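For reference, the structure is listed below as structure tokens.
As the structure is a prediction and not an experimental result, all values here were calculated from the model.
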Amino acid sequence: MTIDEDSGIPIWLQLRNRLIYLITSGAFAPGDKLPTVRGLAAQVEVNYNTVSKVYQSLEEDGYILSKRRQGAFVADVSDKPG
């Protein structure tokens, strides 16, 4: 996953859109565990708080489920439009 720092699109939104694409395209299946917030932040070289914001947004929109002490998992989005 890469971030385009020269894009006019905020980093958190680029990351959010990429994760939504991976979830809705089937690259991540329902129930798959996502990288930890810290792990993904290190992987894409962004601030921990940026990834945390993305995960919170994805959870609010029903794309992922967070389980305390277990991590974030892909929700079943087969009935979501787009």
Would you say Leu22 ends up clustered with Leu65 if hydrophobic residues are merged whenever their side chains have heavy atoms under 4.5 Å apart, either directly or through other cluster members? no
Contacts of type side-chain hydrogen bond (donor to acceptor under 3.5 Å, both in side chains), residue Ser57, not counting sequence neighbours: Arg16
Side-chain donor-acceptor pairs under 3.5 Å in residues 67-75, sequence neighbours left out?
none

Using atom types as modelled, flag every donor-acceptor pair under 3.5 Å from a side chain in residues 38-46 to any protein atom, sequence neighbours excluded.
none

Going from CG on Leu15 to CD1 on Ile3, what distance comes out if it is rounded to the nearest 0.5 angstrom? 5.0 Å
Asp4 meets the side-chain contact (heavy atoms from CB on, under 4.5 Å) criterion, sequence neighbours left out, with Asp6, Ser7, Gln14
side-chain contact (heavy atoms from CB on, under 4.5 Å) with Pro30: which residues, sequence neighbours excluded? Asp76
Sequence neighbours excluded, which residues qualify as side-chain hydrogen bond (donor to acceptor under 3.5 Å, both in side chains) partners of Thr36? none
Nearest heavy-atom pair of Val54 and Trp12: which atoms, and what distance? CG2-O, 3.2 Å
Sorted by chain and residue number, the side-chain contact (heavy atoms from CB on, under 4.5 Å) partners of Asn49 (sequence neighbours excluded) come out as Asn47
Mind checking whether Val77 and Leu34 sit in one hydrophobic cluster, side chains of I, L, V, M, F, W, Y counted as touching below 4.5 Å? yes
Set of side-chain contact (heavy atoms from CB on, under 4.5 Å) partners for Gln56, sequence neighbours left out: Ser52
Heavy atoms of Ile64 and Tyr55 approach each other most closely as CD1-O, 3.4 Å
With salt bridge (Lys or Arg N to Asp or Glu O under 4.0 Å) as the rule and sequence neighbours excluded, what pairs involving residues 18-36 come up? none
